[in-house]
Amino acid sequence: MGKRNRRQGFVVLLLCLSLVTAASGCSQRKEYQESTVYAMDTILTFQVLTDSDSEIFDLLRKEVDQVNLMLSATDASSELYRLNQSDGERLEISEDLADVIVRCLSVAKETDGALNIALYPVTQAWGFPNGDYHIPNGEILKDLMKKIDWKEIQIERNQIQLLPGMALDMGAVGKGYLTDRCVAVLKEQQISSALLKLGGNIYAYGTREDGSAWRIGVQKPFSEEVAAILTAKDEAIVTSGTYQRYFEKDGKKYHHIIDSATGYPADNELESVTIVSESGFQADALSTAYFVMGLDASIQAWRQKEDIGVIWILKDGAIYYTENLDGRFTAAEGTETYMVRQE
Ligand code: ADP
Ligand code: MG
C-alpha cells in the first residue's frame, strides 16, 4: 500500500515552478507560456497564449490561493476547516463558500445523493485526504455513516449549521470551481487562447492559436495511453475514475470515490466517467456523481439534461458516449464504442 506523504489534502503551494516556454526577449509577440503549481493535492498547469511579461500567472495563482483558503479541508487556516470544527454551532461564512455549498446541494438533489459533500468523516476514515490510506474498521465506519447526511446541512444565505460531528469535503468540486474562477480571469485579461490542466480537470479556453479546436485526450484507465480524443472549445473536460487515487490491499484496489450508501468505494461496471460542459464546476460535480451512480442510472440522469456530453469507460474497455459528442470524438482503434441517444 503506497503511503504518499507528499499528499497533504488541499495544501498550499508546495512547488511553484514557472516554466517559461516562450523565447524571452523584448519582443511582445504572443506565445504560449506555461506555469505549473502544486496545490489542491495535484499538479495544476496553466498554458496561456500571452506576452512574455504578462501578469496572468500571478493573477491565476491568486485564484489558486484564494480557493485553497476557502475550500481546503486540511489547511487549518481555511474557511472550510473552520466550518468543519464548528461542532454543531451556527456559523457565518463567506458568500462565495455559501454559493459553492448551495450549488453542491443542488447537484446532490439532482443525483439523489450520489454527490455527497457531507462525506468527509468517511473519506477521512479511509485516509484519502492526508494519504494515510487504510480500510476503516467496520464498527467505526458504521458510526461515521450516521454523520454524512447532506440533507442535514442547514444553510440560509451565508449562515450555516451542521450537526455535531458533521464535516464537509469539497474534493469532488474544488478543482472545477477553481477552473471557472481561472476562466473568468482569462476573460477579464482578454486572453484568446489557453489550456488549463488541474489534475484530471481540463479546460480548453478559446481555440488554439491557429484557430483550430483543442484536442483533448481521455486517458485509458491505468495506462499512459489515450482511450479517445475529443475536440473542444470553451469547455471543461473532467474525468473521475478508479485509477486517479487508490491503494491496494490483499490484491484488491480501493479508490477514492465513495458510495454514501455503503461507505465503500463505488463498485460498478465503470472505470471512469468524463463530463464535457461549459462549466468546470458542473463537469467536476457530475463526473464524481455519475461515477457513483453507475452506467444505467447516469445515462438516465443525462437524458434529463441537454447541455453536457458524457464519456463512460467500462472496466471491460468498452466506451459509451452521448450523441451530442458525435463527430468530435475518436476512440482508439479496436475499441468497442456505443452511442447513447436521447430518447
Ligand atoms: P479527483 O479529485 O481525482 O478529480 P473527483 O472529482 O471525482 O476526483 O473527487 C473525488 C474526491 O471527492 C475524493 O477524493 C473525496 O475527497 C471526495 N468524494 C469521494 N466520494 C464522494 C462523493 N460520493 N461525493 C462527494 N465527494 C466525494
Ligand atoms: Mg469531481
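Remember, it's 1-based here, ligands and their atoms both numbered in the order they're listed.
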Check your understanding: Can you tell me how far the CD1 atom of I202 sits from the CD1 atom of I237, to the nearest 0.5 Å?
Key -> 6.5 Å
Point to revise | T123-ligand 1 polar pair, N/O distance under 3.5 Å | key: no
Review point. Starting from atom 20 (N) of ligand 1, which protein heavy atom do you reach first, and at what distance in Å?
Key: I258 N, 2.9 Å
Review point. Hey, is E235 close enough to R328 for a salt bridge, meaning N to O under 4.0 Å?
Key: yes
Check your understanding: If you count the atoms of ligand 1 from 1 in the order shown, which ones are under 4.0 Å from a heavy atom of N116?
Key -> 22 (C), 24 (N), 25 (C), 26 (N)
Study note, to complete from the structure: When distances are taken from atom 5 (P) of ligand 1, the protein heavy atom at minimum range is T288 OG1, 3.3 Å
Exercise for review: With sequence neighbours excluded, give me every salt bridge (Lys or Arg N to Asp or Glu O under 4.0 Å) pair touching residues 261-274.
Suggested key: D267-K315
Exercise for review: Step through the shown structure and confirm whether more than 12 heavy atoms of other residues, nucleotides or ligands are within 6.0 Å of CD on Q159.
Suggested key: yes
Revision key, fill the gap. Grouping ILVMFWY residues whenever side-chain heavy atoms fall under 4.5 Å, the cluster of V226 otherwise contains I229
Check your understanding: With a distance cut-off below 6.0 Å to the six-membered ring centre and an angular limit of 45° from the axis, does K220 pair with Y243 as a cation-pi contact?
Key -> no
Revision key, fill the gap. among protein heavy atoms, the one nearest atom 26 (N) of ligand 1 is A172 CB, 3.4 Å
Revision key, fill the gap. Excluding water, the protein N, O or S atoms sitting under 2.8 Å from the Mg ion (ligand 2) are A172 O, D284 O, D284 OD1, T288 OG1
**Study point:** Any N or O of D169 closer than 3.5 Å to N or O of ligand 1
**Key:** yes
**Study point:** Sub-3.5 Å N/O-N/O distance, S287 and ligand 1
**Key:** no
Point to revise | Contact partition for H256 relative to ligand 1, non-hydrogen atoms under 4.0 Å | key: both
Exercise for review: Enter the distance from D65:CG to L178:CG here, rounded to the nearest 0.5 Å.
Suggested key: 10.0 Å
Review point. Out of curiosity, is G241 lining ligand 1, as in a heavy atom under 4.0 Å away?
Key: no
Check your understanding: Any idea which of H255, Q124, M40, K175 brings a heavy atom closest to atom 1 (P) of ligand 1?
Key -> K175
Point to revise | Closest protein heavy atom to atom 22 (C) of ligand 1, given as residue, atom name and distance to 0.1 Å | key: L119 CD1, 3.3 Å
Check your understanding: Quick check: are there more than 12 heavy atoms from other residues, nucleotides or ligands sitting under 6.0 Å from CD of Q342?
Key -> yes
**Study point:** Charged N-O contact under 4.0 Å between R29 and D51
**Key:** no
Review point. So does D112 have more than 12 non-hydrogen atoms from other groups sitting under 6.0 Å from CG?
Key: no
Review point. Heavy atom under 4.0 Å from ligand 1: found in A114's side chain, backbone, both, or neither?
Key: backbone
Review point. Got L186 and Q189 here, is their nearest side-chain heavy-atom distance under 4.5 Å?
Key: no
Exercise for review: Give every residue pair that meets the salt bridge (Lys or Arg N to Asp or Glu O under 4.0 Å) criterion with at least one member in residues 333-343, sequence neighbours excluded.
Suggested key: R303-E343, E323-R341
Exercise for review: Go through ligand 1 atom by atom and flag the ones less than 4.0 Å from a non-hydrogen atom of S240.
Suggested key: 5 (P), 6 (O), 7 (O)
